[in-house]
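Have a look at the structure below, then the notes.
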Number of protein chains: 2
Amino acid sequence: MAAVDRSLVANLPMFAGLTPTEQDELLREARSIRYPKGAAVFDQGAEADRFFLLLHGHLRVEKTTSQGQQSVVRYVSAGELFGVAQAMNLTNYPATAVAAVDSIALAWPSSSWHRLIVKYPSLASTALQTVGSRLQDTQARVMEMSSEQVEQRVAHALLRLAKQAGRKVDAGVEIDFPISRQDVAEMTGTTLHTVSRILSAWEQQGLVEGGRQRIVLCDTHRLHDLAEGEEAVQAHKREP
Amino acid sequence: MAAVDRSLVANLPMFAGLTPTEQDELLREARSIRYPKGAAVFDQGAEADRFFLLLHGHLRVEKTTSQGQQSVVRYVSAGELFGVAQAMNLTNYPATAVAAVDSIALAWPSSSWHRLIVKYPSLASTALQTVGSRLQDTQARVMEMSSEQVEQRVAHALLRLAKQAGRKVDAGVEIDFPISRQDVAEMTGTTLHTVSRILSAWEQQGLVEGGRQRIVLCDTHRLHDLAEGEEAVQAHKREP
DNA sequence: CGACGAAGTTGAGCTGGCGCAACCTAGGCC
DNA sequence: GGCCTAGGTTGCGCCAGCTCAACTTCGTCG
């Protein structure tokens with residue numbers, strides 16, 4: 001087990017408000033683990049025996065219904081707390097987390113959770129904020145799915161991904177991990193066919209640039225308009 | 001301000017794990033407030049200056065998009081903590097809470113939140129569990145909206161409502177507060193027209209009993225089947 | 001280097017359920 | 001009691017997007 005240096009993590013939300021000594025104490029209880037691309041950090045339904053902090057990489061969190069329908073719940077980026085099922089009083093993980101790229105995470109035993117939050121109340125606050133902002137995101141998604149067209153939802157999803165994991169490149173902002181049309185479809189509640197058609201159309205208009213497991217947003221401003229329900233680009237719609 | 005007796009609340013999750021003295025201390029900082037049917041406890045966007053515990057009644061929590069699309073986020077029942085926006089580091093309430101029936105809630109100033117969780121760590125755990133289970137519910141809704149037909153979603157919604165706020169009556173289980181077709185539509189991401197059609201059809205088959213702002217589930221078992229995607233009732237579908 | 005598979009594209013047709021519209025019905029209020 | 005309005009029902013036409021299907025492109029592994 002590699003020792004993790006405090007300086008790597010000291011300015012993450014999870015460690016904010018703790019003294020260097022406390023930070024070291026917390027780190028000493030954690031294990032650092034490597035997950036190669038494609039590896040599962042935990043599986044839906046498995047006993048929630050650990051919680052994690054992602055140090056490096058990106059994870060895809062996915063959930064499968066009893067009927068076998070799979071969908072992408074969210075992506076986790078470096079610095080985020082995840083797998084805190086135990087803190088919400090779940091005994092099993094409600095979803096599967098898979099490394100979208102080679103990743104590194106810190107893991108603590110779930111059994112220490114209670115002791116830790118009593119000792120470091122700021123940890124509870126951090127977790128509450130983490131879970132709270134996830135709740136916000138998820139509720140936003142519900143609202144989108146209730147009232148928006150597929151095209152708007154895809155635009156929203158891409159913008160959110162770009163904000164969370166965008167990397168500036170020449171052509172615009174690239175999503176910083178491999179993501180398929182299927183993945184986008186599972187995030188927006190549609191089919192890969194429809195996503196493919198939409199992205200093709202956008203590419204023609206210069207809004208995005210595609211590629212195998214790759215999406216670059218070229219015109220985020222226009223995409224934002226689309227997400228908010230503006231009419232499509234070159235359509236000269238007039239209502240006399 | 002009426003004094004609230006500890007015995008009324010002692011066995012709620014929020015007060016579990018506290019000594020009677022601590023329970024009294026917590027109660028002494030709260031105000032008890034009556035909300036007549038239709039009154040707003042707080043409004044979306046308002047400053048989140050208080051958090052609440054519902055003592056009696058039912059609240060409808062609704063959210064409106066920037067485009068004016070409204071939707072029902074959830075219903076709150078007696079004993080639940082709500083309005084904990086501040087704990088998730090939000091400065092404003094993300095939704096509106098309206099009394100579905102005459103209701104009573106305890107209110108604490110948001111400013112005491114931090115002090116309280118340091119003093120009573122179990123409070124943080126309770127809040128985390130509350131928010132966590134909401135996250136679970138909301139994610140379940142996302143999955144439903146991605147993969148289920150409208151009829152299944154309505155069935156799921158009714159079953160959830162019945163579990164949360166069902167009252168046993170002669171004909172079956174009645175939802176214990178006034179709820180319109182429009183409300184159900186806003187919970188399931190459809191229109192009141194479609195909900196009305198579905199409920200009419202179900203009523204013919206004896207699955208539910210309707211009425212003005214009133215729904216009684218008569219055959220929860222069959223509804224459960226429908227929710228899980230079984231074929232419609234009298235349809236003799238065979239696949240040879 | 002060839003070939004196999006995973007990812008993506010594109011066409012054609014069908015349909016669930018939305019939009020619109022007209023119409024009932026039950027309370028509440030004067 | 002009669003009016004007025006919010007809530008509910010129902011018919012009809014249409015279209016966004018799903019399904020099914022055929023095909024292309026790219027990466028990788030033997």
Side-chain angles (χ1 to χ4, degrees), chain A residues 36-38 60 67 69-72 98 100 144-155 157-158 175 177-205 208-216 226 229 231-232 235 237, chain B residues 36-38 60 67-72 98 100 144-155 157-158 175 177-205 208-216 226 229 231-232 235:
Chain A
K37 175 178 171 175
R60 185 179 60 251
Q67 271 86 70
Q69 246 292 331
Q70 183 167 309
S71 106
V72 173
V98 177
E144 285 175 23
M145 300 193 70
S146 316
S147 59
E148 294 179 358
Q149 306 273 97
V150 169
E151 196 174 43
Q152 295 178 258
R153 304 206 301 264
V154 173
L158 294 191
I175 312 259
F177 48 79
I179 183 168
S180 70
R181 308 291 184 255
Q182 175 73 41
D183 293 331
V184 177
E186 285 181 15
M187 298 180 70
T188 50
T190 179
T191 62
L192 78 163
H193 307 279
T194 300
V195 172
S196 181
R197 276 181 245 271
I198 289 173
L199 290 186
S200 295
W202 287 352
E203 187 147 18
Q204 301 235 296
Q205 301 174 2
V208 303
E209 227 171 72
R212 205 186 176 69
Q213 313 239 76
R214 190 171 148 280
I215 302 174
V216 185
L226 274 178
E231 272 314 320
K237 297 233 171 159
Chain B
K37 174 176 173 177
R60 184 178 64 250
Q67 271 87 70
Q69 248 291 332
Q70 184 167 308
S71 109
V72 174
V98 176
E144 285 175 22
M145 299 194 70
S146 317
S147 60
E148 293 179 358
Q149 306 273 96
V150 170
E151 194 173 43
Q152 293 180 259
R153 304 207 300 266
V154 173
L158 294 190
I175 313 269
F177 48 78
I179 184 167
S180 69
R181 308 291 184 253
Q182 176 72 39
D183 293 332
V184 176
E186 286 181 17
M187 298 180 69
T188 50
T190 181
T191 61
L192 78 164
H193 307 278
T194 302
V195 172
S196 180
R197 276 181 246 271
I198 290 173
L199 290 187
S200 296
W202 285 352
E203 187 148 19
Q204 302 236 295
Q205 301 174 4
V208 303
E209 228 170 72
R212 203 185 176 70
Q213 313 240 73
R214 192 170 147 280
I215 302 172
V216 185
L226 274 178
E231 271 316 319

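These values consider heavy atoms only, across backbone and side chains, with no hydrogens, waters or symmetry-generated copies. Here is how names work: the chains are called A, B, and so on, in the same order as the sequence lines, proteins then strands, and each is numbered from 1.
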C/dT10 phosphate, OP1 or OP2: any side-chain N/O from A/Ser200 under 4.0 angstrom?
yes

Are A/Ile198 and A/Val150 side-chain neighbours, meaning at least one heavy-atom pair lies under 4.5 Å?
yes

Assess whether side chain to side chain contact (heavy atoms under 4.5 Å, CB included) is satisfied between B/Gln182 and B/Glu186, documenting all intermediate values.
CA-CA 6 Å; B/Gln182 176 72 39; B/Glu186 286 181 17; 2.9 Å; yes

Could you go through the side chain to side chain contact (heavy atoms under 4.5 Å, CB included) check for A/Glu144 and A/Gln152 one step at a time?
CA-CA 8 Å; A/Glu144 285 175 23; A/Gln152 295 178 258; over 6 Å; no

Given that A/Arg212 and A/Arg153 both sit by DNA chain D, which one's nearest nucleotide is further toward the 5' end?
A/Arg153

Run the side chain to side chain contact (heavy atoms under 4.5 Å, CB included) check on B/Gln213 and B/Ile179 step by step: do they pass?
CA-CA 5 Å; B/Gln213 313 240 73; B/Ile179 184 167; over 6 Å; no

Main chain of B/Glu209, side chain of B/Glu203: is a donor-acceptor contact present, judged purely on distance under 3.5 Å?
no

Does the side chain of B/Leu199 come within less than 4.5 Å of B/Val184's, by heavy atoms?
no

From CD of B/Glu148 over to C1' of C/dG17, roughly how many Å is that when rounded to an integer?
16 Å

Please report, rounded to the nearest Å, how far the P atom of C/dT10 is from the CD atom of A/Gln204.
8 Å

Measure CD/A/Gln213 against C1'/C/dG5 and give the value in whole Å, please.
13 Å

Can you check the B/Met145 CE to C/dG16 C1' distance for me, whole Å?
15 Å

Sub-4.0 Å heavy-atom contacts from residues 185-194 of chain A onto DNA chain D, ordered by number
A/Thr190, A/Thr191, A/His193, A/Thr194

Please state whether the base of C/dG19 and the side chain of B/Arg197 form at least one donor-acceptor pair under 3.5 Å?
yes

Side chain to side chain donor-acceptor pair (under 3.5 Å) partners for A/Thr190, two or more places apart:
none

To the nearest Å, how far apart are A/Leu199 CG and C/dT9 C1'?
11 Å

Provide the start and end nucleotides, 5' to 3', of the part of DNA chain D that has atoms under 4.0 Å from heavy atoms of chain A.
D/dA16 to D/dG27

Non-hydrogen side-chain atoms of B/Asp183 and B/Phe177 separated by less than 4.5 Å:
no

Between C1' of C/dG8 and CZ of A/Arg214, the distance in whole Å:
14 Å

Answer yes or no: is there a side-chain heavy-atom contact under 4.5 Å between B/Met145 and A/Ser146?
yes

